[in-house]
Amino acid sequence: MILIDFLLDLVWMILSVLYYVGESLVLFLVPTAFRKKSIEGELVLITGAGSGIGRLQAIKFAAVGCDVVLWDINSTGIEETAKLVRKTGRKAWYYVCDVSKREKVYEVASKVKREAGMVTILVNNAGIIAGQKFINLTDDAIQRTMDVNALAHAWTLKAFLPDMMKKDHGHIVTIASIMGELSAAGMSEYCMSKFAAVGLHESVLRETRAAGKRGIHFTLVNPYMINTGMFAGTKIRYEMIVPTLEPEYVAGKVVEAVQTQTALVRTPVLLHLMVLLKDLLPQKAIFSMEDFFETAKAMDNFVGRRHIKNS
Ligand SMILES: NC(=O)c1ccc[n+]([C@@H]2O[C@H](COP(=O)([O-])OP(=O)(O)OC[C@H]3O[C@@H](n4cnc5c(N)ncnc54)[C@H](O)[C@@H]3O)[C@@H](O)[C@H]2O)c1
Ligand SMILES: *[C@@H]1O[C@H](CO)[C@@H](O)[C@H](O)[C@H]1NC(C)=O
Ligand SMILES: *[C@@H]1O[C@H](CO)[C@@H](O)[C@H](O)[C@H]1NC(C)=O
């Protein structure tokens, strides 16, 4: 009897796996335009919306009919983003909020709920990097990157996920990085924080699924280097093979992933192969590839946003 149950469960599992592999192959062949669902009228909150891909996502979400709530530590940055959003005819609310400060996140979150309403799409986008070799990183720098890139996601999820669970409606977007799946020299605290953000994302989505909430979707975004200024000075050898991404392109990908309820975005697609190879090949073989691109030297001339981070 137990053996029969086991065999039935096993066959069911195998058939399900095959079904979903087939389903995704079919969906892969359907052009994105036909798979997009309307997200008109949703309220999107974006952290780190004062510059870079945060700002561009705000404009692109507004362009497809969403109202937006903008968070950043930089007040000039979000004010400018709000102006750009309002030009599209959609509403924008902006709040100065340091997402590394737990109490501040909860305080501003209740303000948002009173003034703008229920957030239905949460984009955890704010992020920083120290740009130092591990032995030269100060304790404070390690703490700061973990606070902004990883722990902040826990605080914003705590603030907004319960309402989504109650309504069984919502979408959580985690802007991590390919450095949340592969690592590189010269960015140890950043990799640590991005792996943490990926872990939180992947666990929480399983909990909402286990709770039967099929109306809440999750999108993990793991891009390669983007030309926003955050990684100014960073450079690999033979970069024409893996060119730096344009912010407009990445922001567009995020909005499209929400519209198509895509679970994982790796961009460029070559990253899918790299993640696979990292698991398949011996470490020394991987090192040979890294040596080809001279990734160990990539951060040597890093400038990033250091020049403005002293305020
Ligand atoms: N630029 C890249 O190459 C790249 C690659 C992969 C992933 N990412 C990730 O994409 C996200 C956005 O990066 P970007 O390139 O647009 O960077 P960016 O520096 O242009 O924008 C980040 C924004 O976050 C804000 N911010 C920083 N600390 C904050 C805090 N404590 N509270 C609230 N806001 C804060 C900044 O003021 C800034 O406006 C980050 O999470 C980054 O790690 C970037
Ligand atoms: C804040 O944003 C403005 C406008 O985008 C930018 O010029 C300025 O450098 C930013 N300041 C900091 C401290 O990041
Ligand atoms: C650490 O910082 C010192 C002082 O700035 C510098 O001389 C040294 O090269 C740095 N070490 C590494 C590994 O970056």
Side-chain angles (χ1 to χ4, degrees), residues 45-58 70-84 94-102 104-105 108 123-138 143-153 155-156 173-182 184-191 193-194 197-198 220-236 242-251 253-254 265-268 271 296-300 302 304-311:
L45 187 148
I46 304 167
T47 69
S51 85
I53 60 168
R55 167 176 292 175
L56 292 170
Q57 287 171 72
L70 314 165
W71 282 14
D72 207 292
I73 35 168
N74 184 337
S75 58
T76 1
I78 30 175
E79 259 173 63
E80 280 172 21
T81 306
K83 269 190 209 136
L84 293 166
Y94 60 90
Y95 303 83
V96 171
C97 181
D98 181 344
V99 291
S100 69
K101 303 277 185 292
R102 194 179 358 158
K104 190 79 190 164
V105 168
V108 180
V123 185
N124 273 313
N125 166 80
I128 56 168
I129 181 169
Q132 296 277 338
K133 297 281 191 304
F134 180 70
I135 52 162
N136 272 359
L137 272 175
T138 64
Q143 185 83 59
R144 182 85 191 139
T145 301
M146 284 300 285
D147 280 342
V148 177
N149 297 7
L151 286 164
H153 295 205
W155 316 144
T156 56
V173 180
T174 300
I175 309 291
S177 164
I178 193 55
M179 289 300 130
E181 300 184 278
L182 307 170
M187 44 174 92
S188 52
E189 105 293 353
Y190 184 74
C191 292
S193 71
K194 293 297 185 180
V198 171
L220 176 64
V221 183
N222 289 347
Y224 175 67
M225 202 154 55
I226 314 161
N227 186 17
T228 57
M230 182 181 182
F231 279 87
T234 308
K235 201 173 181 333
I236 60 162
V242 206
T244 302
L245 300 162
E246 286 308 317
E248 285 275 350
Y249 172 79
V250 178
K253 279 275 168 199
V254 178
V265 176
R266 288 194 190 108
T267 182
L271 295 182
K297 289 188 194 160
M299 290 292 285
D300 286 0
F302 172 87
R305 300 209 180 278
R306 247 180 226 157
H307 53 301
I308 48 169
K309 274 283 135 64
N310 302 321
S311 55

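Counting convention: from 1, in listed order, for ligands and their atoms alike.
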Pairwise side-chain contact, Ser51 with Asn74, heavy-atom cut-off 4.5 Å (strictly under):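 The answer is no, as the side chains (C-beta and beyond) never meet within the 4.5 Å cut-off.
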Lys133: numbered ligand 3 atoms lying under 4.0 Å from its heavy atoms: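 The list of qualifying atoms is 12 (C), 13 (C), 14 (O).
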Is there at least one pair of N or O atoms, one from [X] and one from ligand 1, spaced under 3.5 Å apart?
X: Met230; answer: no
X: Asp98; answer: yes
X: Asn125; answer: yes
X: Ile53; answer: yes

Ligand 1-proximal atoms of [X], by part, heavy-atom distance under 4.0 Å:
X: His153; value: neither
X: Trp71; value: neither
X: Arg55; value: neither

About how many Å separate [atom2] of [Y] and [atom1] of [X], when rounded to the nearest 0.5 Å?
X: Arg266; Y: Asn222; atom1: CZ; atom2: CG; answer: 6.5 Å
X: Asn124; Y: Thr47; atom1: CG; atom2: OG1; answer: 5.0 Å
X: Ser75; Y: Glu80; atom1: OG; atom2: CD; answer: 10.0 Å
X: Thr145; Y: Lys194; atom1: OG1; atom2: NZ; answer: 9.5 Å
X: Thr156; Y: His153; atom1: OG1; atom2: NE2; answer: 6.5 Å
X: Trp71; Y: Lys104; atom1: CH2; atom2: NZ; answer: 10.0 Å

Looking at ligand 1, is there an atom of it that comes within less than 4.0 Å of some heavy atom belonging to [X]?
X: Cys97; answer: yes
X: Phe231; answer: yes
X: Lys194; answer: yes
X: Gln57; answer: no

Atoms in ligand 2 with a heavy atom of Gly77 nearer than 4.0 Å: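 Result: 2 (O).
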At a 4.0 Å threshold, what atoms of ligand 1 neighbour a non-hydrogen atom of [X]?
X: Tyr224; answer: 5 (C), 6 (C)
X: Met225; answer: 3 (O)
X: Arg305; answer: 18 (P), 19 (O), 20 (O)
X: Gly52; answer: 16 (O), 20 (O)
X: Arg144; answer: 31 (N)
X: Ser177; answer: 6 (C), 7 (C)

Val198 versus Gly180, closest heavy-atom pair with distance: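 In terms of heavy atoms, the two residues are closest at CG2-O, 3.8 Å.
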Distance-minimising heavy-atom pair for Gly52 and Thr228: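 Heavy atoms only, the tightest pair is CA-CG2, 3.9 Å.
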Of the listed options ([options]), which comes nearest to [atom] when hydrogens are ignored and any heavy atom counts?
atom: atom 1 (C) of ligand 3; options: Asn136, Leu137, Asp300, Ile135; result: Asn136
atom: atom 29 (C) of ligand 1; options: Leu70, Ile128, Ile73; result: Ile73
atom: atom 9 (C) of ligand 1; options: Ala176, Pro223, Gly77, Ser51; result: Ala176
atom: atom 14 (P) of ligand 1; options: Asp72, Thr244, Ile78, Thr228; result: Thr228

Side-chain (Gln57) to main-chain (Ile46) donor-acceptor, under 3.5 angstrom: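 A pair under 3.5 Å: no.
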Proximity to ligand 2 by part of Arg305, non-hydrogen separation under 4.0 Å: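 Neither part.
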Exercise check, heavy-atom protein proximity under 4.0 Å to atom 7 (O) of ligand 3: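 Protein heavy atoms within 4.0 Å of atom 7 (O) of ligand 3 - there are none.
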Distance flag for atom 10 (C) of ligand 3, protein heavy atom under 4.0 Å: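 So atom 10 (C) of ligand 3 has protein heavy-atom neighbours under 4.0 Å.
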Reference residue Arg55; test side chain to side chain donor-acceptor pair (under 3.5 Å); the match among Asp72, Thr81, Asn125: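 That would be Thr81; it is the only one of Asp72, Thr81, Asn125 passing the side chain to side chain donor-acceptor pair (under 3.5 Å) with Arg55.
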Distance-only N or O hit between ligand 2 and Asn74, under 3.5 Å: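 It does: an N or O of Asn74 is found under 3.5 Å from an N or O of ligand 2.
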